[in-house]
Amino acid sequence: MTAEIYRDTWGIPHLRADSALELARVQGRVTALDRAWQLEVERHRSQGTSAAFLGAESVGWDRFARQSRLDDTARRCFASLEERDPETAAWVVAYVDGVNAGLAEGAARAPEFAASGLVPGRWEPWSPLGVWLGTHILFAGFPAKLWREEVVRRLGADAVGLFAMDGPGTAGSNGWLVSGGRTATGQALIAGDPHRFIEDPGVYQQIRLSCPEFDVVGLAVPGVPGIAHFAHTGTVAWAITNAMADYQDLYRERLRDAGAGAVEALDPDGVWRPAARHTERVEVAGGGGVEVEVIETARGPVVIGGTGTEESVSLRYPPRVTADLGFGALLPLLRARRAADVDRAFDAWAEPVNVVQAADTEGGLLHRVAGRVPVRAAANRVRVVNAWEAGHEWTGWHEMPYGPVEDGLAVMANQRGPATPLGVEFAPPHRADRIRRLLEEGGTLSAADMPAIHTDTRLGSAAALLDPLAALELSDEAAGLRDRLLGWDRHMDAGSGTAAVYARVRDAVVRRLVAHPALAVLAEPPALPAVFLPWLAVAPRVAFALENLLTAGERYGIDRDAVLREAVEEVAAEPVSGTWGDTHRLAPWRALPGTPYDEPALSGDNDCVLSTSSLPGLTDLSVRGPAARYVWDLADRDGSLWVVPFGADGVPGAAHHRDQLPLWLGGDLARVTTDWNTLTKESDDD
C-alpha cells in the first residue's frame, strides 16, 4: 500500500498512507480533485494575479497583495523553513506535488475554469504558505487603525471609544471546553464554530489523515497541508478562536524621490535611507492592466500612497519581519497525543494569533493564547504612527498568556480574556456569557447537548435599544409596537415576526445616527485603497457599535430618546409583515457568480451565539456565519460531530456539493466515522 483514498457517506475524504510524507501528497491530490477552482483562486489571490481571470473588481485586492508583498513573504518563509525545519519543508513539498498531480483532473470537473477562461497553473513549494498568508493577512484588522484616524480627525480623540467593536470578518467565533467532571462520560468535550465570511466552496475541508505515526480527523484549510485549527487525534483534541490580538502596525512614511527611479524614506534617527522600489503590472481580464508601484521601507511594505502622494503608510507584520509563518507547528500537532503536546506545538505558532483549547483522555486541559505579538509602544496598537519619530520600534515578542478553566469550563467568543493584554478591541461579552450560562444550566453534559448551544439565538445586545423604550412618549400605534417588542423573548429566530420588527427598528435607529450631524462628518469615505473601505464605511461602524452609541456617557449632542422615538414611530407607521428569515438570508461569496441558488432563511444575528451577521441599516443579508461546527468527544472519537455549510465537494452540482446544508441550517451535525470497514474505497493513489 502506498496510499488509499476512502470516502464516507458525506463524501468526506479519509486518507491513509505508509508515511506522513506520502499522506501529505495524497492530501494535496484529493484536495485538488475536490477543490481545484478554490485552490487556484486562493493561489492567484496570494500572488496578486486574480484580476487576470476574475476581472476589474479584483484589482483592489491584487494591488494590495503586490504592495504588501504576500507572495514574496511566502517565498521567504518557505526558504527559512527549509533551513530551520527541513522535515516540515519536505512535507509541504509533498503536499504541493499532490496538488500538481491532481489539479488538471480536478479542473476538468469544475465548470468555473471554462467560464472564466482560467487554465490551471503550477503550485510552487511556497504556495501553501501564500494561501495561508492571504487568508489571514486581514485577521488582525489593522485597517481599524485607519478608521480611528478618521474618527480622531473628524470628531476628536475622545470619540474613538464610541466605536469600539470588532471590524469586518474578525469576530463571531465560539469555542468552549467542558472538563470530564461535567460530562456524562467523565471525559472532556470541546465544541464550537469558527465564524468567517461564508464562501462556496467553504473555507474548511473535513478530512481524515492516517499513517503509522498518527490518525487525525479535523477541519483543514484547502491549500494547506495537515489540520491546523480543529482536530481530534483519538487521545487529544483541540480548537481555536480568534484572540482579537493586535500584532500589525501602520507607519506614516515620509518618502522622497532620490532620482533615477530610487526612493528614500526618513528614519527615526533623522537620516534619509534608500527604500526598495520596483513596479509590477496587474493584468485584468478583458485586456489592459494596472501598474503598481511596490515600495518597502525599513518598517515594511507601503500599502497606501507612494512616491508623489500626499501621504504614504507602510505595514509591518510578523511573518515579513521574521520569515516565519508558524508552519513548524503543523506536523507536531498531527503527532500530538496529549494536551501538553498540543501546548508545545503551538509554541511555534505565528499567525493568526488564536486562543487554543485542548483536552486529552488522561484529563489534561489547555487554554492558552498562541501566536506572535510584538512588544512596542501603546500608540502603535491604536493608530497610525510616524515612522520618522523614535519610540515606535518593535523591541521583542510578548509571552503568550494562559487562561483558566473555571469550574470545569472555558469559554472563548472573541471577548476579553487571556488575550486582553494583547489587543485593543474585543467582541462584547454577550455570546461568551450566554454559552457559559447554557453550559452551567445544562447539568451533566454530553456531545448531543452541544448543537443546541451552537444554534442559540438570544440577542444579548438587544437591551441597549429595547430598555429605554418603556419611558418614551409615543403615539398609540407606536406604543402598541413598543409593547410587542418589550414582550418579545429576544430570540432572533427565522420564523419570528417580532424579530423582524426589532430589526426594522434597529435599521431605522442606525440610519438616523449615521445621518445625525454629530456623526455625518464620517460619512464621506477617505481617499484610500478600496480594500480598506469596509473598515471605513460609517454605517457598518455605527451598526456594530450601536450598543456603545446608545449607552455611552458622552452623547455628542445626540438626543438618543428622540432617535429611538422617531425610529419606533417610523416602523409603526409602516407595519412590518413577514418574519426575520424573509430578509435575513444566506449570501455566500463566490469568486464567480455561477449557478444561482435560492439561498435559505437564517436564524441568529450579530451578537447571538448563532452569529449570522447582518449589516443593520444596510442589509439583513448574512455574509458571515459559522463556517463549520464541531463537537470533539474525548470519550469516543466516533461520538464526535461536525458539519460545514455546504459540503465536502467544491464542484457545483456534485452529489456532495451542498448535501450538508440542511444539517447546517437545522442545527444538526453529522457523526464522525473512523471505522475503515464502513467507508467506501475510492482508489489506491500510487
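Across every non-hydrogen atom of Val609 and Arg434, the tightest pair is CG2-CG, 3.8 Å. Here the closest heavy-atom approach between residue Ala432 and residue Val411 is recorded as O-CG1, 3.7 Å. Shortest non-hydrogen contact noted between Ala329 and Ala345 is CB-O, 3.3 Å. Closest non-hydrogen pair, Ile304 versus Pro529, comes out as CG1-CD, 3.9 Å. Contact record, Ala523 with Val538: CA-CG1, 3.7 Å, taken as the closest heavy-atom pair. Among all heavy-atom pairs drawn from Ser614 and Trp580, the shortest one is OG-CH2, 4.2 Å.
Within the 4.5 Å cutoff, side-chain heavy atoms of Lys145 are placed close to those of Asp246. Using a 4.5 Å heavy-atom cutoff, the side chains of Glu570 and Arg512 are in contact. For the pair Pro418 and Thr420, the minimum side-chain heavy-atom distance is 4.5 Å or more. A 4.5 Å side-chain heavy-atom check between Arg381 and Arg376 finds at least one atom pair inside the cut-off. Counting only heavy atoms from C-beta outward, the side chains of Leu219 and His229 never approach each other to under 4.5 Å. At a threshold of 4.5 Å between non-hydrogen side-chain atoms, the residues Leu189 and Trp632 do not count as touching. Counting only heavy atoms from C-beta outward, the side chains of Arg316 and Trp394 approach each other to under 4.5 Å. Taking the side chain as every heavy atom from C-beta outward, Pro662 and Leu665 never approach each other to under 4.5 Å.
Looking only at distances, a side-chain donor or acceptor of Arg431 sits under 3.5 Å from a matching main-chain atom of Ser173. Judged by distance alone, the side chain of Asp507 and the main-chain N or O of Gly617 form a donor-acceptor pair under 3.5 Å. Arg368 places no side-chain N or O within 3.5 Å of a backbone atom of Gly403 that could act as its donor or acceptor partner. Listed for the His232 side chain is a donor-acceptor partner under 3.5 Å among the backbone atoms of Asp633. Looking only at distances, a side-chain donor or acceptor of Arg585 sits under 3.5 Å from a matching main-chain atom of Gly581.
Summarising the local packing, CD of Glu473 is surrounded by 12 or fewer heavy atoms from other residues, nucleotides or ligands at distances under 6.0 Å.
Qualifying side-chain hydrogen bond (donor to acceptor under 3.5 Å, both in side chains) partners for Ser611, counting only residues two or more places apart in sequence or in other chains: none. Looking at residues two or more places apart in sequence or on another chain, you find a ring-ring contact (aromatic ring centres under 6.0 Å, His included) between Trp176 and His454. Qualifying salt bridge (charged side-chain N to carboxylate O under 4.0 Å, His left out) partners for Arg154, counting only residues two or more places apart in sequence or in other chains: Glu150.
Ring orientation note: the planes of Phe346 and Trp349 are tilted relative to one another, at an angle of 30° to 60°. Between Trp132 and His136, the two ring planes are tilted [angle within 30° to 60°].
For the pair Arg45 and Trp61, the cation sits on the ring face: its NZ or CZ lies under 6.0 Å from the ring centre, inside 45° of the axis.
Note: Trp147 and Phe163 meet the aromatic proximity criterion, with ring centroids under 6.0 Å apart. For Phe646 and Tyr204, the gap between ring centers reaches or exceeds 6.0 Å.
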Walk me through whether Glu547 and His430 qualify under side-chain hydrogen bond (donor to acceptor under 3.5 Å, both in side chains).
CA-CA 11 Å; Glu547 187 174 16; His430 306 300; 2.8 Å; yes

